[in-house]
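Numbers restart at 1 for each chain; the letters A, B, ... are given by sequence-line order, proteins then strands.
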Amino acid sequence: MIDIKLLREDIEGLKTAIARKKFTVEWDAILRLDEERRAAILKAETARAEQKAASKEVGQFKDKSSPEFQAKLAAMKGLSEEVKALEAEATEVEAQWKALFLSIPNIPDASVPAGRTEDDNVVAATWGDPKTVSASAVPHWDIPWFAQAIDFERGVKATGAGFPFYVGDMARLVRALISFFLEEARLNGYEEVLPPLMVNAASATATGQLPDKEGQMYHMPVEDFYMIPTAEVPVTNFFREETFDEADLPVYRCGYTPCFRREAGSWGKHVRGLNRLHQFDKVELVKWVHPDKSFEELELLRGNAEVILQKLGLPYRVLLMCAGDIGFPHAKQYDLEVWAGGQQRWLEVSSCSNFTDFQARRAGIRFRPKGGGKSEIVHTLNGSGLAVPRVLAALLENNLQADGTVKVPECLHRWTGFETLAPKAK
RNA sequence: GGAGAGGUGGCAGAGUGGCCGAUUGCGGCGGUCUUGAAAACCGCUGUGCCGCAAGGUACCGGGGGUUCGAAUCCCUCCCUCUCCGCCA
């Protein structure tokens, strides 16, 4: 949700900025309904004020059986009905306006490059050299023992497609990656939380999954809970409808969770193996910061995610997403893509975003300025640090050795307890 | 899951139809006094919405209802606590 003041102070500037994104907005209807709604509120509140004043008089009558009193009551009844009608109208107009107002996406920052598609994204940085990966590398699903170590078929039996079992040392390797990611986050000042894996509708609405993306979440109809598509949802909602003291900012949190995504309609090419799953593990980094600091905090966040890939020794590139390719609530977004040498593809393993005040306004997260005074909306950011399966895919492909074993990066040894992954093929 | 008791401002805790956006205490902020501090005393101290402002309006767990008028009465949902049942 954007600041409504922008709508009134600089509508043309707002339209121009939003036009860089791929979303369409019904500006005329929004402006018209805003006028109507304010008029309706004024009418309803004026009538209500009148009713309250008159009602006060009624209460002060001494003789409740007098004709004057009865006449007054009768008159009040009409007024009461009028107030009810006006309030209902105001509520209705307000709801119509709000629905459209919420359809306005966040404003892309001036530093976001122009562009319409993913081809217009700008490579902001690269690290490592894809050419260092052996020319004989194969896609991870073609590694002879892959089906035993990550068992998709048994996953189908237990649940369905996209819910694999990780077996033996592979399970330990996944657990090592999670532990490593969390430890990196902790050392960078993020406090760990282990959040609920299901959220209510209010939480999903605050972070923007509802109402539009409900088809992407698994829904538990009995309790009306949603399986989280990312830890961002519960972790951000930790502070929903709360007010920080300015001195407490910035707040850094991290959380590991499995993530559940229906990925409805997105299955096709390039989604084999670990590339896209319905359930996957991820460590998420979340920040609540002062509005003046959010863009520099985004650079720090991106750096925190990058260092992890560097320590793992995996070549990657950083994309500065163009205006047409960033999401609805995003002001600025970087994607980190790791090189998967077997597939000869870049795989997205992290998305680091500044939501400015867009998400926080919707979630009611504020801060009280140091000198006191009116509370202001904080800025929120989040980024993956990192998503496990695609990191694992790149690691398996890039580090596969001639003898069929996989070299485990040194930073993981303390968590795995082994230095070489050597599952048996059947 | 069953029975009972509750949910009021940062906290504690009054208020059972109009005098209540809400007594009081604590906490917080400012001041008087003091060399300074404490104590004492005085004043201020919730949030959203509409409005340039004055001001208006909404909010006593959420939603709905009764009434001229609801924190207060009714319905419903959620949550907390106690006891029982079940159980990692």
>> If the condition is ring-ring contact (aromatic ring centres under 6.0 Å, His included), which residues does A/F101 pass it with, not counting sequence neighbours?
In response: A/W97
Do any N or O atoms of the protein come closer than 3.5 Å to N or O atoms of nucleotides 51-53 of chain B, and which pairs are they?
unit_1, atom_1, unit_2, atom_2, d
B/G51, OP1, A/R38, NE, 2.3
B/G51, OP1, A/R38, NH2, 2.3

>> According to side chain to side chain donor-acceptor pair (under 3.5 Å), who are the partners of A/S294, at least two apart in sequence or on a separate chain?
In response: A/N354, A/H379
> What residues in residues 98-106 of chain A put a non-hydrogen atom under 4.0 Å from any atom of RNA chain B?
Replying inline: none
>> Give me the distance, rounded to whole Å, that separates B/C20 from B/C60 when you measure between the C1' atoms they each carry.
In response: 10 Å
Side-chain donor/acceptor pairs under 3.5 Å, residues 1-8 of chain A, sequence neighbours excluded:
unit_1, atom_1, unit_2, atom_2, d
A/D3, OD1, A/K5, N, 3.0
A/R8, NE, A/D34, OD2, 3.4
A/R8, NH2, A/D34, OD1, 3.4

>> For A/P369 versus A/E246, what's the shortest heavy-atom pair and its separation?
In response: CA-OE1, 3.2 Å
> On a whole-Å scale, what distance lies between the P atoms belonging to B/A70 and B/G65?
Replying inline: 12 Å
> Between A/S375 and B/G48, is there a side-chain N or O to OP1/OP2 distance below 4.0 Å?
Replying inline: yes
> What string of B, S and - do you get for nucleotides 57-79 of chain B, 5' to 3', if B is base contact, S is sugar-phosphate-only contact and - is no contact with any protein heavy atom under 4.0 Å?
Replying inline: SS---------BS----------
> Got a sec, which residues hit side chain to side chain donor-acceptor pair (under 3.5 Å) with A/D151, two or more places apart in sequence or on another chain?
Replying inline: A/R154
> By side chain to side chain donor-acceptor pair (under 3.5 Å), which residues pair with A/Y316, not counting sequence neighbours?
Replying inline: A/E306, A/Q310
Show every donor-acceptor pair shorter than 3.5 Å between a side-chain atom in residues 382-397 of chain A and any protein atom, with sequence neighbours excluded, or say none if there are none.
unit_1, atom_1, unit_2, atom_2, d
A/N382, ND2, A/E232, OE1, 3.4
A/N382, ND2, A/E232, OE2, 3.3
A/S384, OG, A/S351, N, 3.3
A/R390, NE, A/N275, O, 2.7
A/R390, NH1, A/E348, O, 2.9
A/R390, NH2, A/N275, O, 2.9
A/E397, OE1, A/G342, N, 2.8
A/E397, OE1, A/Q343, N, 2.9
A/E397, OE2, A/H140, N, 3.0
A/E397, OE2, A/H140, ND1, 2.8
A/E397, OE2, A/Q343, NE2, 3.0

> With sequence neighbours left out, what residues match A/P113 under side chain to side chain contact (heavy atoms under 4.5 Å, CB included)?
Replying inline: A/V122, A/L320, A/C322
> By side chain to side chain donor-acceptor pair (under 3.5 Å), which residues pair with A/E297, not counting sequence neighbours?
Replying inline: A/Y252, A/K287
> Which residue pairs pass the salt bridge (Lys or Arg N to Asp or Glu O under 4.0 Å) test with at least one member in residues 87-104 of chain A, sequence neighbours excluded?
Replying inline: A/R37-A/E94
